[in-house]
Amino acid sequence: MIRMRHTDENPHEASEINVTPFIDVMLVLLVIFMVTAPLTTVNVPVDLPSSTEKPTPRPDDPVFLTVKADHGLALGEDDITMDSLAGALEGATKGNKEERIFLRADKTVDYGTLMGVMDKLRSAGYLKVALVNLQGQEEGSEAGTAPIGNATSGRISAATPAAGGTP
């Protein structure tokens with residue numbers, strides 16, 4: 001007598017999930033993201049405008065570091081050199097590395113010079129840096145093109161930590 005087996009009678013059913021289609025979909029998505037990722041970066045020169053937002057309240061005794069058009073530095077109203085920056089900041093902040101430094105720069109100063117100053121601030125231990133700009137003036141207006149005068153003409157536009165710091 002020949003016995004025919006039905007599929008219902010198989011004691012070892014295969015209950016594994018077939019992951020091959022899942023892997024195929026993941027590889028297709030990986031290729032799509034690899035192709036589109038370089039297209040999402042923007043490499044366009046930008047002339048950033050001044051801000052018209054409400055100014056942040058200023059501390060009682062802020063420490064202003066200014067990068068002048070000739071790339072010279074001034075702490076408050078005193079001219080300093082890049083080498084003496086750490087010592088001058090130590091005296092101005094009374095050794096408080098947590099005090100926020102308000103960084104102002106002439107609009108003709110290149111980005112690399114500004115980043116060099118921020119790196120010096122970070123290496124000196126000052127991680128809290130706020131950038132200062134002119135308040136509520138349109139780009140190209142007569143007042144908007146004037147250099148930043150005294151400390152009262154500037155306002156705090158963004159309180160951003162230097163690279164690697166915390167706010």
Side-chain angles (χ1 to χ4, degrees), residues 26 29-167:
M26 289 296 115
L29 287 175
L30 178 66
V31 169
I32 289 172
F33 288 133
M34 287 173 55
V35 169
T36 59
L39 301 177
T40 60
T41 59
V42 178
N43 192 12
V44 178
V46 176
D47 185 17
L48 297 175
S50 61
S51 176
T52 57
E53 285 294 312
K54 183 178 175 186
T56 305
R58 202 167 80 168
D60 294 334
D61 190 21
V63 177
F64 282 96
L65 178 63
T66 306
V67 183
K68 299 184 280 188
D70 63 354
H71 296 196
L73 295 177
L75 187 60
E77 295 184 11
D78 302 325
D79 289 340
I80 60 171
T81 64
M82 187 71 90
D83 297 331
S84 65
L85 177 62
L89 282 171
E90 187 79 23
T93 62
K94 300 174 185 69
N96 181 9
K97 304 274 185 185
E98 293 298 313
E99 187 165 345
R100 190 170 305 278
I101 307 299
F102 296 97
L103 182 60
R104 304 182 316 161
D106 190 274
K107 68 190 319 184
T108 61
V109 172
D110 61 291
Y111 189 72
T113 302
L114 188 61
M115 286 295 101
V117 171
M118 289 183 76
D119 284 344
K120 274 288 202 189
L121 286 171
R122 187 180 69 211
S123 66
Y126 295 93
L127 303 178
K128 294 183 177 182
V129 177
L131 303 176
V132 179
N133 74 341
L134 291 178
Q135 175 186 355
Q137 295 173 344
E138 294 298 322
E139 193 66 31
S141 68
E142 189 174 310
T145 57
I148 295 176
N150 59 21
T152 59
S153 69
R155 77 161 183 96
I156 305 163
S157 65
T160 55
T166 56

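For the single chain, residues carry numbers from 1 onward in sequence order.
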Smallest separation among heavy atoms of T108 and A69, with atom names: OG1-CB, 3.6 Å
What's the spacing between L73 CG and K120 NZ if we round to 0.5 Å? 10.0 Å
Who passes side chain to side chain donor-acceptor pair (under 3.5 Å) against E99, sequence neighbours left out? none
Smallest separation among heavy atoms of L75 and A92, with atom names: CD2-CB, 3.8 Å
Any V129 side-chain heavy atom under 4.5 Å of L65 side chain: no
Rounded to the nearest 0.5 Å, how far does CG of L103 lie from OG1 of T66? 8.0 Å
What pair of heavy atoms forms the shortest contact from A130 to R100, and how long is it? CB-CD, 3.6 Å
Considering all heavy atoms, the nearest L89-Y126 contact: O-OH, 3.2 Å
Any residue meeting salt bridge (Lys or Arg N to Asp or Glu O under 4.0 Å) with D79, in chain and number order, not counting sequence neighbours: K68
When rounded to the nearest 0.5 angstrom, what is the spacing between CG in D119 and CG in L114? 10.0 Å
Smallest separation among heavy atoms of R104 and F64, with atom names: CD-CD2, 3.6 Å
So H71 and D110, side-chain contact (heavy atoms from CB on, under 4.5 Å) or not? Walk me through it. CA-CA 9 Å; H71 296 196; D110 61 291; 3.1 Å; yes
Residues in side chain to side chain donor-acceptor pair (under 3.5 Å) contact with N96, at least two apart in sequence or another chain: none
Assess, by modelled atom type and distance only, whether the side chains of T81 and D83 contain a donor and an acceptor separated by less than 3.5 Å. no
Between K97 and E90, does the side-chain contact (heavy atoms from CB on, under 4.5 Å) criterion hold? Intermediate values first, please. CA-CA 8 Å; K97 304 274 185 185; E90 187 79 23; 3.3 Å; yes
